[in-house]
Novice: 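My structure is below; once you've seen it, I'll send some questions.
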Amino acid sequence: MSMSGKQRTDDGLDGFFEAARGYAPAHSPDLLARVLADAEATQQAGPGTEPAGVPATRDGFVAHLYRLLGGWPAMAGLATAALTGIWIGTALPEGLIGTAEAAYLVDITPEMAFDLAGGDF
Amino acid sequence: MTMPLDAHDDVPDEVLLVLFANGDGAAARVLTLRLTPRVVAHAYRLLGNRAEAEDVAQEAMLRLWKQARDWRPGEAKVTTWLYRVVANLCIDRQRRARGGSVALDAIPEPADGRATVDQAMQERARAEALQAALNDLPERQRQAVVLRHIEGLANPEIAGIMEITIEAVESLTSRGKRALSAALAGRQEELGYVDER
């Protein structure tokens with residue numbers, strides 16, 4: 001549609017906008033097929049399917065226990081406590097333990113008391 | 001259950017999306033045919049490149065399909081939602097490929113076969129000139145001008161799409177048009193415009 005013979009608007013852009021509206025992009029023939037294939041694939045995936053990139057929900061007994069204990073913060077605390085216990089049980093310096101303490105340890109860690117006493121029991 | 005294709009012609013987009021979410025194959029086809037040309041046209045006007053516009057259109061439509069089951073009727077028009085998704089995808093691409101050239105050879109062929117060859121060539125030249133000038137605008141000005149003056153949306157809807165105030169829309173379109181006017185001022189006569197004032 002030509003603007004010739006018409007009075008121009010203040011900014012002279014109306015004819016350009018009109019031309020742009022008349023030139024809707026001619027998309028490639030397979031675009032609609034690709035879009036429709038995506039639509040059908042999404043429909044067939046069903047309501048239980050997570051979108052791509054979203055990890056599936058954890059399942060099973062271990063995952064249930066994991067959630068029951070409070071997730072990763074609680075698991076981190078438990079792991080720290082367990083490692084501390086192992087360290088105390090294996091690396092406590094002998095020089096720091098006197099006879100009285102060794103006797104006390106008999107009650108709580110019989111194996112360590114055996115070692116400190118020279119293993120002659 | 002799938003309704004016949006022509007039974008969907010007068011059905012609003014939002015209703016078709018609900019039908020789509022319930023597995024209606026005809027709804028998928030009608031939405032694809034109805035919305036994809038608009039989406040690819042909008043993406044093209046923001047990007048100036050047809051191949052990239054098609055990629056953006058396919059991605060935007062895929063996001064719509066995935067959103068269908070969680071669509072909340074009455075909250076936003078489907079087209080408004082799509083314009084926003086397209087704009088975001090285009091901005092992401094432009095920021096990734098900053099400085100990329102504009103593919104003017106990708107300007108589409110005329111859609112209206114009734115125009116004479118001369119008129120068609122002149123209209124095409126005008127569309128190309130406008131697209132080149134649009135490509136030089138800052139992206140928010142370009143988006144506002146395209147939505148207002150080519151897509152023909154009202155300022156409140158544009159404000160919703162761009163998530164800004166109506167006053168900000170008016171400011172962006174005003175500045176965008178000034179820049180376009182300046183860029184195209186020297187080409188009025190070349191492109192067949194005759195000032196009869």
Side-chain angles (χ1 to χ4, degrees), chain A residues 1-60 62-64 66-68 70-73, chain B residues 20-21 23-25 28-29 31-33 36-38 40-41 43-45 50-51 53-54 57-58 61-62 65-66 68-69 106-112 115 119 122-131 133-134 146 149-152 177-178 180-181 184-185 188 191-197:
Chain A
M1 190 173 295
S2 172
M3 281 287 286
S4 300
K6 289 183 181 176
Q7 190 172 7
R8 267 183 3 207
T9 54
D10 286 347
D11 54 23
L13 293 174
D14 286 353
F16 288 99
F17 291 137
E18 204 172 326
R21 282 192 290 273
Y23 280 85
H27 48 75
S28 61
D30 67 331
L31 176 64
L32 293 178
R34 282 187 277 138
V35 170
L36 189 56
D38 286 342
E40 289 167 351
T42 307
Q43 278 184 320
Q44 284 164 10
T49 307
E50 294 286 344
V54 177
T57 309
R58 293 165 188 270
D59 261 323
V62 174
H64 181 69
Y66 174 86
R67 286 194 296 273
L68 194 67
W72 71 264
Chain B
F20 169 83
D24 188 319
R29 288 192 290 280
L31 283 171
T32 297
L33 294 173
T36 306
R38 291 179 69 173
V40 75
Y44 169 74
R45 284 162 186 147
R50 188 166 59 183
E54 290 195 3
Q58 187 178 359
M61 291 300 291
L62 179 60
W65 306 139
K66 288 181 175 176
R69 290 187 198 98
I107 293 283
E109 295 298 322
D112 185 357
Q119 282 177 327
Q122 193 170 63
E123 290 292 281
R124 177 175 175 151
R126 289 171 184 170
E128 288 179 5
L130 178 65
Q131 188 62 54
L134 279 170
V146 167
H149 294 288
I150 300 179
E151 308 296 348
K177 284 177 73 179
R178 271 202 304 276
L180 287 178
S181 195
L184 296 167
Q188 301 272 341
L191 294 168
Y193 292 103
V194 179
D195 190 353
E196 295 183 348
R197 286 177 294 184

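Residue numbers begin at 1 in each chain, while the letters A, B, ... track the order of the sequences.
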Novice: If you measure from CZ on A:F16 to CD on B:E123, what distance do you get to the nearest 0.5 Å?
Specialist: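 So the CZ of A:F16 and the CD of B:E123 are separated by 10.0 Å.
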Novice: What distance separates B:R126 CZ from A:E18 CD, expressed to the nearest 0.5 Å?
Specialist: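 The CD atom of A:E18 is 8.5 Å from CZ of B:R126, to the nearest 0.5 Å.
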Novice: Any donor-acceptor pair under 3.5 Å linking the side chain of A:E40 with the backbone of B:G25?
Specialist: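 No; judged by distance alone, with no hydrogens or angles, the pair does not exist.
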Novice: If I compare all heavy atoms of A:Q43 with all of B:A28, which pair ends up nearest, and what's the gap?
Specialist: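 Here A:Q43 and B:A28 meet closest at OE1-CB, 4.1 Å.
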Novice: Among B:M61, B:Q58, B:R38, who wins on heavy-atom pairs under 4.5 Å with chain A?
Specialist: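 Ranked by contacts with chain A, first place is B:Q58.
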Novice: Only one of A:L36, A:L32, A:V35 clears side chain to side chain contact (heavy atoms under 4.5 Å, CB included) with B:L33; which?
Specialist: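 When side chain to side chain contact (heavy atoms under 4.5 Å, CB included) is applied between B:L33 and each of A:L36, A:L32, A:V35, only A:L32 qualifies.
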Novice: Tell me, please, which residues at least two apart from A:A20 pass side-chain contact (heavy atoms from CB on, under 4.5 Å).
Specialist: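 B:L130, B:I150.
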Novice: Any side-chain heavy atom of A:H27 sitting closer than 4.5 Å to one from B:T36?
Specialist: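 With C-beta onward as the side chain, the pair stays apart.
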Novice: At a heavy-atom separation under 4.5 Å, does B:R178 approach chain A through its side chain, its backbone, both, or neither?
Specialist: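 No part of B:R178 comes within 4.5 Å of chain A.
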